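If you're wondering where the values come from, they're calculated on a predicted model, not measured in any experiment.
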Amino acid sequence: QVPPARCALFDPAFSAREAAALRALGLCLLPENEEGKHGVEGAATLFYMVHCGKALYNNLLWSNWSPAALSKLVIIGNSFRGIEERLLSRILERDYSYIAKVLKGVEEVALPSHPRYLDTFNDTSVHWFPLDKLQELSPEVWDFLEEPMYQDCEDLEIIRKGE
């Protein structure tokens with residue numbers, strides 16, 4: 001069991017009351033909007049990111065862009081395969097390049113859908129990054145470390161820092 005103090009949370013939509021209730025439960029609230037750019041710092045980490053925008057997943061990948069770091073994280077969130085299927089490949093590669101680059105290094109299992117919530121949790125998967133699969137990716141994949149900026153992104157589903 002993970003102690004509550006080791007559970008870090010952030011949602012820019014948390015009200016002051018919600019934040020106070022979460023703190024009262026002993027949970028750790030991140031002090032600022034990291035825009036998903038949270039490093040695992042060598043520890044195995046689970047990210048629960050259901051219904052998050054693609055930029056948050058892309059930023060998380062960028063923040064942990066090495067086989068050693070990615071192999072330590074698990075994401076419960078929107079299906080990467082679904083993202084790949086719904087976006088034109090040129091848009092995926094231009095705006096969400098870290099998702100595009102890691103598709104061959106990720107394992108993904110869809111969570112079963114519930115008939116009552118078909119329109120809500122119909123695209124949720126568990127993602128993990130086996131070290132052996134990541135090491136099979138070409139070395140050039142790991143050389144590109146440019147921070148995502150989303151200048152030309154028309155459909156940015158993220159609350160930016162300071163908004």
Using only atom types and a distance under 3.5 Å, with no angle test, would you say the side chain of [X] pairs donor to acceptor with the backbone of [Y]?
X: Trp142; Y: Trp65; answer: no
X: His51; Y: Asn78; answer: no
X: Arg86; Y: Arg81; answer: no
X: Ser71; Y: Ala68; answer: yes

Given the ring of Tyr98, does Lys101 sit roughly above its face, with NZ or CZ under 6.0 Å from the centre of the six-membered ring and within 45° of the axis?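 Yes, cation above the ring, under 6.0 Å and within 45°.
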Val106/Lys133 under side-chain contact (heavy atoms from CB on, under 4.5 Å): CA gap, chis, key distance, verdict: CA-CA 7 Å; Val106 66; Lys133 283 186 88 164; over 6 Å; no
Test item: [X] and [Y] side chains (from C-beta on) under 4.5 Å apart, heavy atoms:
X: Ile76; Y: Met49; value: no
X: Pro130; Y: Trp128; value: yes
X: Glu107; Y: His127; value: no
X: Lys54; Y: Leu87; value: yes

Stepwise, does the side-chain contact (heavy atoms from CB on, under 4.5 Å) test hold for Ile75 with Val126? CA-CA 6 Å; Ile75 301 171; Val126 178; over 6 Å; no
I would like to know whether Arg6 and Cys28 meet side-chain contact (heavy atoms from CB on, under 4.5 Å); could you show each step before the answer? CA-CA 7 Å; Arg6 295 224 23 237; Cys28 173; over 6 Å; no
Output the distance between atom [atom1] ([X]) and atom [atom2] ([Y]), rounded to the nearest 0.5 Å.
X: Asp132; Y: Gln135; atom1: CG; atom2: CD; result: 7.5 Å
X: Leu9; Y: Leu25; atom1: CG; atom2: CG; result: 9.5 Å
X: Leu60; Y: Cys52; atom1: CG; atom2: SG; result: 9.5 Å
X: Leu137; Y: Lys104; atom1: CG; atom2: NZ; result: 8.5 Å
X: Ile99; Y: Ile83; atom1: CD1; atom2: CD1; result: 4.5 Å
X: Ser63; Y: Glu34; atom1: OG; atom2: CD; result: 8.0 Å

According to a hydrophobic-cluster definition based on side-chain heavy atoms being under 4.5 Å apart (Ile, Leu, Val, Met, Phe, Trp, Tyr only), do [X] and [Y] belong together?
X: Leu27; Y: Tyr48; value: no
X: Phe10; Y: Leu29; value: no
X: Val50; Y: Leu46; value: yes
X: Leu103; Y: Leu73; value: yes
X: Leu61; Y: Met149; value: no

Among Val102, Asn64, Val74, find the residue that satisfies the side-chain contact (heavy atoms from CB on, under 4.5 Å) test when tested with Phe129.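 By the side-chain contact (heavy atoms from CB on, under 4.5 Å) criterion, Phe129 pairs with just one of Val102, Asn64, Val74: Val102.
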Looking only at heavy atoms, what is the nearest atom pair of [X] and [Y], with distance?
X: Trp62; Y: Lys37; answer: CZ3-CD, 3.8 Å
X: Ala69; Y: Ser66; answer: N-OG, 3.1 Å
X: Tyr150; Y: Asn58; answer: OH-ND2, 3.1 Å
X: Ala110; Y: Ser125; answer: CA-OG, 3.5 Å

Looking at Glu147, I want to see if its CD is surrounded by more than 12 non-hydrogen atoms of other residues, nucleotides or ligands under 6.0 Å.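 Enclosed: over 12 neighbouring heavy atoms sit under 6.0 Å from CD of Glu147.
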As a quick check of understanding, evaluate side-chain contact (heavy atoms from CB on, under 4.5 Å) for His38 and Leu30, giving each step before the final call. CA-CA 10 Å; His38 190 81; Leu30 297 175; 4.1 Å; yes
For Asn59 and Tyr96, does a side-chain donor sit closer than 3.5 Å to a side-chain acceptor?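 The criterion, which ignores hydrogens and geometry beyond distance, is not satisfied for Tyr96 and Asn59.
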Can you tell me how the ring of Tyr57 sits relative to the ring of Phe80, calling it parallel under 30°, perpendicular over 60° and tilted otherwise?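 If you compare the ring of Tyr57 with that of Phe80, the planes turn out perpendicular.
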